[in-house]
Amino acid sequence: MTTLTLRDLVKDFGRTRVVDGIGLDVAAGEFIVLVGPSGCGKSTTLRMIAGLEEVTAGTIAIGGRVINDLEPKDRDIAMVFQNYAIYPHLTVRQNIGFGLYTQRLARAEKARRIEEAAAILGMGEFLERKPAALSGGQRQRVAIGRAMVRNPRVFLFDEPLSNLDAQLRTQMRIEIKKLHARLASTIVYVTHDQVEAMTLADRIVIMKEGRIQQVGSPAEVYHAPANSFVATFIGAPAMNLLPGTAAGGWVRLATGSEIAVATGAGGPVLLGIRPEDLRPAAAGGAALAGRVTVAEPLGPGTLLHVDLGGAEVIATGPGRGAPAPGATVGLAFDPAALHLFDAATGAAIR
Amino acid sequence: MTAASEALLRADAAGRRRAGLGAALRWLLLFAGGLAMVAPLAYMLATSLKYPFEVFNLNLVPEEPTLDNYREVLLDRRFGWWFFNSFLVASLTTVSNLFWDALVGYTLAKFRFRFRQVVFVAVLSTLMIPTEMLVIPWYLMSQQFGWLNSYWGIMFPGLMTAFGVFLMRQFFQTVPDDFLEAARIDGLNEFLIWWRVAMPLVRPALAALAIFVFLGNWTAFIWPLIVTNDQTMYTLPVGLTTFSVEQSVQWEMIMTGAAVSVLPTLVVFLVFQRFIIRGVVMAGLKG
Ligand SMILES: Nc1ncnc2c1ncn2[C@@H]1O[C@H](COP(=O)(O)OP(=O)(O)OP(=O)(O)O)[C@@H](O)[C@H]1O
Ligand SMILES: [Mg+2]
């Protein structure tokens, strides 16, 4: 069963098209994450679903019913904003209760729902406090509670964690994931943090310049990126892309090396390999070799920037005893970990 | 602690470190300025406690202090009327300004509509026209509508002000749209979003506007003088002028009336100033 369906969704601001024909089916209970670089139209898409922005063309349906022309409050959605949008002049209880403002419920029922939401979020003891006396994470919880009490069919989140510090962000991320498991609600979540996207999503939607680049599970978009943009956007540090020319099962790189690939395609290509798939090896006999320019120790591993003579790649060395800057290393990899993209279109070649 | 107050503290500390000749000069200047501000008030109080023979002795402590003037002013029925009239006019005008200026300011700040900029500039341009130029048309209009000598007649020109609209617009522009959109999703209508969400967020501006409008109307002189001719309809400033007639100016009475009329302005200021200070603290809050 589908909860949310977007069909050929388009949004123009004046003459600029910021959302360019988005199509997406979101299943009931699914956690969808929209991710992409700044300005790619994530928020605009979310705001169209919420009814805060008019749709230029295309349709949005919730539960099979087209809602393009419905008021936000009639859409059965709730939204959590980046800067929380909780009101400084109201207590936590009143802020959460704002979500029930127009719902005709008995006073006792409202109180019950507010307290239930607060309890789930661990905010029960703060109900009478003003936001000024709350931490950032607690404020964001209030905003989530305000969305929860509405009992919406679809939750919309627009970068809800980006105002929090890194540690709190990790913690809230886990809590949102638990909350989703508990409420089994449909969630559309916008972020430009790809780690957040990977950890939270059932399916990730990667956007660029108003278009969807790929939709898939975190594993799919990571291991089988549809194009070079997705390949470099997902994963940190980004996938190494080396220009070359393919012919007869070989790719001749611009650096001069030749690498066997499992495809018969020909022409200019980009050869992709993730830093963690590229490991230092004995310099002789390796298909790739170069000089280490920078070594970044991360603890469990060491990121090695290796100059291949014209192109630089990042490889992963061991946490202890990694080659030092200046050393010449060979780089080994599993041929199955190679990705190949058309140099002109960026599309993956399989 | 908020960013604003932190900045203040830091500035304070820095100032103390550089204490020296510069600081002494600054304090001297401030002291002179303060003296210049306080002197008229002090003379007002002193004169109100003097008998007429002593008025032109510029001593601050009366030789024969008396409360006779106060007795006379406070027992004068007319003074009671004037005080009441001023209070009523200033209060109603203040409430009206808070409501309408904020409503129009909000609309200009937060809604996109055709000619919005034109409307805004038109409102602003009325600031360039001095009251003196307007009183004659106002008078003619009041005469034709039969508003002379009425509270409505005194109040109508000031029920909304371009300045207030401008001030409120500027403040509403600083309210993040998220606050309003969250309320929209929760199902509040546009009026309630303004009233329940936007208005509480600009309380400091409302308090400032309240002080300006109340004081402005409490001390307004020209228009009330022109529009009223029945002594019971006078406002305080107009009424006080009846103490100066052609042959003699009863300075001690004028000063006593002025001293009494200063009281409400002090109260209004003290009450609303608290809001302003609280508001500044709140403004530093993220979300
Ligand atoms: N009201 C508006 N008028 C004109 N252009 C707008 C408006 N809102 C957004 N845009 C433009 O639309 C584009 C997409 O904006 P959007 O907010 O959807 O980006 P985003 O993907 O959410 O980016 P970010 O990660 O920075 O939040 C941007 O180029 C932005 O400048
Ligand atoms: Mg955004």
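Fair warning: this is a prediction, and the values are worked out from it, not measured in the lab. What you see below is based on every heavy atom in this structure, not just the backbone, and it leaves out hydrogens, waters and symmetry mates.
- Applying the 6.0 Å contact sphere to CZ of B:F31 captures no more than 12 heavy atoms from other residues, nucleotides or ligands.
- Considering only heavy-atom pairs separated by less than 4.5 Å from chain B, the leading option among A:R146, A:M79, A:Q82 is A:R146.
- For the pair A:Y101 and B:L192, the minimum side-chain heavy-atom distance is below 4.5 Å.
- With a 6.0 Å radius and a threshold of 12 heavy atoms from other residues, nucleotides or ligands, A:E109 has its CD atom above the threshold.
- The number of heavy-atom neighbours closer than 6.0 Å to CD of A:Q167, taken from other residues, nucleotides and ligands shown, is 12 or below.
- Taking the side chain as every heavy atom from C-beta outward, B:D186 and A:K73 never approach each other to under 4.5 Å.
- In this structure, B:V197 and A:F98 approach most closely via the heavy-atom pair CG2-CZ, 3.9 Å.
- Taking a 6.0 Å sphere around CD of A:E175, one finds it holds more than 12 heavy atoms contributed by other residues, nucleotides or ligands.
- Summarising the local packing, OH of B:Y151 is surrounded by more than 12 heavy atoms from other residues, nucleotides or ligands at distances under 6.0 Å.
- Contact of the A:R47 side chain with the B:E181 side chain is registered, since non-hydrogen atoms from C-beta on lie closer than 4.5 Å.
- Here the side chain of A:R150 pairs a donor or acceptor atom with the backbone of B:I185 at under 3.5 angstrom.
- Checking A:Y87 against B:R196 by side-chain atom types alone, no donor-acceptor pair falls below 3.5 Å.
- Note that CD1 of A:I86 and CG of B:D178 are 12.5 Å apart. Values are rounded to the nearest 0.5 Å.
- Other residues, nucleotides and ligands contribute over 12 non-hydrogen atoms within 6.0 Å of the CZ atom of A:R112.
- Residues B:R184 and A:E71 have side chains not in contact (no heavy-atom distance under 4.5 Å, counting atoms from C-beta outward).
- For a residue to count as touching a neighbouring chain, one of its non-hydrogen atoms must lie under 4.5 Å from one of that chain's; by this rule A:I77 touches chain B with backbone and side chain alike.
- Other residues, nucleotides and ligands contribute at most 12 non-hydrogen atoms within 6.0 Å of the CZ atom of B:F87.
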